[in-house]
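This report concerns only the one structure given below.
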Amino acid sequence: MKKISLLIILLPMSCLFCVPPENHPQWYEGFYFPRFPATDSLFVIPVETDLNKQELTWVGEFRITDSYSTMMALTLVGMQGIINRTQPRVYFDYTDESHAWISRLAKHVELTILNLDPLSAVNFLLQRYGGYFKGAVVYDPQVPETINLATMIAGLEDRIILAPQQLLFIDLPPSSTVKDLRTLVQQQNWGATEESKLGVYEWVYQNLWQNLEHRIIGIISPGPPTSQQFLPDRFYPLGLAQRDYYVALRLSALWLDPRK
């Protein structure tokens with residue numbers, strides 16, 4: 001078994017302006033999913049969220065900015081998709097279930113464990129892989145569907161997914177541009193309603209669909225209240241699992257009832 005090392009100080013940031021390699025996930029005939037390029041090392045970063053707290057994140061009033069940890073986790077998972085697209089480099093340790101994989105991964109790759117708080121983790125990835133990102137896309141916390149919209153734009157344009165509040169304390173790489181979806185929300189008069197949800201995805205179909213990956217249709221919850229109520233005052237929570245995969249493969253990120 002390869003040694004699992006504990007990083008006490010941050011590594012040199014020589015890759016701040018590095019350009020990502022050209023290798024990308026490869027699709028093979030007869031397989032449903034692509035194969036990502038191989039790696040021999042991974043950074044392991046702990047990530048916490050409040051998504052298991054049903055009384056907080058599953059209720060109709062919840063917005064992602066009500067939970068700092070979840071807001072930061074969404075940013076990190078989007079960054080992970082862009083960084084890992086050309087080669088897996090980052091592994092997020094979310095839960096006891098994901099932690100169990102660490103010992104298995106250590107049999108095949110060298111792991112460097114970074115005990116970082118969320119902001120330090122974002123800064124570490126920005127400093128090390130800053131050249132991978134073209135800028136940021138800012139969603140509107142009051143219109144949850146824009147989280148899915150931001151996910152698709154992040155994949156297509158290599159952008160970091162941010163809430164408006166995060167612009168105040170996250171230092172983006174030089175020459176970054178910011179695409180603020182709150183302007184689009186105002187132009188389209190979108191809100192946290194079923195009608196607006198359909199409007200968001202109609203906009204996606206007209207403006208993004210032609211550039212998205214068509215071999216997989218991505219379905220993922222943007223969180224309450226447009227994520228569908230399944231119990232009294234209980235809605236499907238924000239989906240984080242596999243959202244990095246959506247970004248990496250430039251998939252659609254939809255939440256629509258196929259019956260409609």
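When a residue number appears, it is its place in the shown sequence, counting from 1. Remember, it's a predicted structure, so these values are computed and weren't measured experimentally.
Put simply, the side chain of Arg243 gets close to the backbone of Gly239: a donor and an acceptor are under 3.5 Å apart. A donor-acceptor pair is defined here as one N or O able to donate and one able to accept, closer than 3.5 Å; no such pair exists between the side chain of Ser196 and the backbone of Trp190. Side-chain atoms of Gln26 come within 3.5 Å of backbone N or O of His24 as a donor-acceptor pair. Checked by atom type and distance alone, the side chain of Asp140 never pairs as donor or acceptor with a backbone atom of Leu181 at under 3.5 Å. Judged by distance alone, with hydrogens and angles left aside, the side-chain atoms of Ser221 form a donor-acceptor pair with the main-chain N or O of Pro237 at under 3.5 Å. Side-chain N or O atoms of Arg89 include one that pairs as donor or acceptor with a backbone N or O of Gln87 at under 3.5 Å. Checked by atom type and distance alone, the side chain of Thr75 pairs as donor or acceptor with a backbone atom of Ile161 at under 3.5 Å. Ser227 contributes no side-chain N or O that, together with a main-chain N or O of Phe235, makes up a donor-acceptor pair within less than 3.5 Å.
Both Val185 and Leu238 are assigned to one and the same hydrophobic cluster, defined by single-linkage of ILVMFWY side chains at heavy-atom distances under 4.5 Å. In the hydrophobic clustering of ILVMFWY residues, with side-chain heavy atoms under 4.5 Å counting as a link, Trp58 and Leu231 come out together. Cluster membership check: Tyr245 does not share its hydrophobic cluster with Phe133, using side-chain heavy-atom separations under 4.5 Å among Ile, Leu, Val, Met, Phe, Trp and Tyr. Cluster annotation: Leu256 and Leu149 are assigned to the same hydrophobic cluster (Ile/Leu/Val/Met/Phe/Trp/Tyr, side-chain heavy-atom contacts under 4.5 Å, transitive). One hydrophobic cluster, built from ILVMFWY side chains closer than 4.5 Å, cannot hold both Tyr246 and Ile64; they sit in different ones.
A distance of 6.0 Å or more separates the ring centres of Trp101 and Tyr91.
The shortest distance between side-chain heavy atoms of Arg85 and Pro25 falls below 4.5 Å. At least one side-chain heavy atom of Val59 sits under 4.5 Å from a side-chain heavy atom of Arg234. At least one side-chain heavy atom of Pro88 sits less than 4.5 Å from a side-chain heavy atom of Leu42. No side-chain heavy atom of Thr65 sits less than 4.5 Å from a side-chain heavy atom of Gln166. For the pair Pro225 and Arg63, the minimum side-chain heavy-atom distance is below 4.5 Å. The shortest side-chain heavy-atom distance between Pro141 and Pro164 falls under the 4.5 Å cut-off. Using a 4.5 Å heavy-atom threshold, the side chains of Val77 and Tyr94 count as touching. Inter-residue side-chain proximity for Leu240 and Val47 is flagged as unmet; no heavy-atom pair is nearer than 4.5 Å.
Here the shortest heavy-atom pairing between Trp255 and Lys197 reads O-CD, 3.5 Å. Closest approach of Thr226 and Pro144 over heavy atoms only: OG1-CB, 4.2 Å. Here the shortest heavy-atom pairing between Leu251 and Met152 reads O-CG, 3.6 Å. Heavy-atom minimum distance, Ile45 versus Ala121: CG2-CB, 3.8 Å.
Glu48 CD: 12 or fewer foreign heavy atoms inside a 6.0 Å radius. Under a cut-off of 6.0 angstrom, the local environment of OH in Tyr32 is sparse, with at most 12 non-hydrogen atoms contributed by other residues, nucleotides or ligands.
For the 3.5 Å distance criterion, the side chains of Glu145 and Tyr201 qualify, holding a donor opposite an acceptor. A side-chain donor-acceptor contact under 3.5 Å links Arg159 and Thr177. Side chain to side chain, Asp117 and Ser120 meet the donor-acceptor criterion of an N or O pair below 3.5 Å.
Expressed to the nearest 0.5 Å, how far NE2 of His108 lies from CG of Asp40 amounts to 13.5 Å. Here CZ of Phe36 is found 10.0 Å from OG1 of Thr86. Values are rounded to the nearest 0.5 Å. Rounded to the nearest 0.5 angstrom, Ile170 CD1 and Gln165 CD are separated by 11.0 Å.
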task: Please report the C-alpha distance between Gln242 and Ile220 in whole Å, then the side-chain angles of each, then the deciding distance to 0.1 Å, and finally whether the side-chain contact (heavy atoms from CB on, under 4.5 Å) criterion is met.
output: CA-CA 9 Å; Gln242 287 87 50; Ile220 191 165; 5.7 Å; no

message: Run the side-chain contact (heavy atoms from CB on, under 4.5 Å) test on Met72 and Val122 for me, step by step, so that the C-alpha distance in whole Å, both residues' side-chain angles and the decisive distance to 0.1 Å come before the verdict.
response: CA-CA 8 Å; Met72 295 297 288; Val122 170; 3.7 Å; yes

- request: Check the pair Met79, Leu126 against side-chain contact (heavy atoms from CB on, under 4.5 Å), reporting the backbone distance first and the verdict last.
  value: CA-CA 9 Å; Met79 296 176 73; Leu126 281 176; 3.9 Å; yes

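Scanning for side chain to side chain donor-acceptor pair (under 3.5 Å) contacts around Glu202 gives Gln206, with sequence neighbours left out.
Under a 4.5 Å side-chain heavy-atom cut-off, the cluster of Ile, Leu, Val, Met, Phe, Trp and Tyr residues that includes Tyr28 is completed by Phe31.
By the 4.0 Å N-to-carboxylate-O rule, Lys134 lies close enough to Asp158 to be salt-bridged with it.
For the side chain to side chain contact (heavy atoms under 4.5 Å, CB included) with Leu184, the qualifying choice from Gln186, Arg182, Gln188 is Gln188, the only one to do so. Evaluated for a side chain to side chain contact (heavy atoms under 4.5 Å, CB included) with Ser252, the options Asn148, Thr151, Leu212, Ile216 yield exactly one hit, Leu212.
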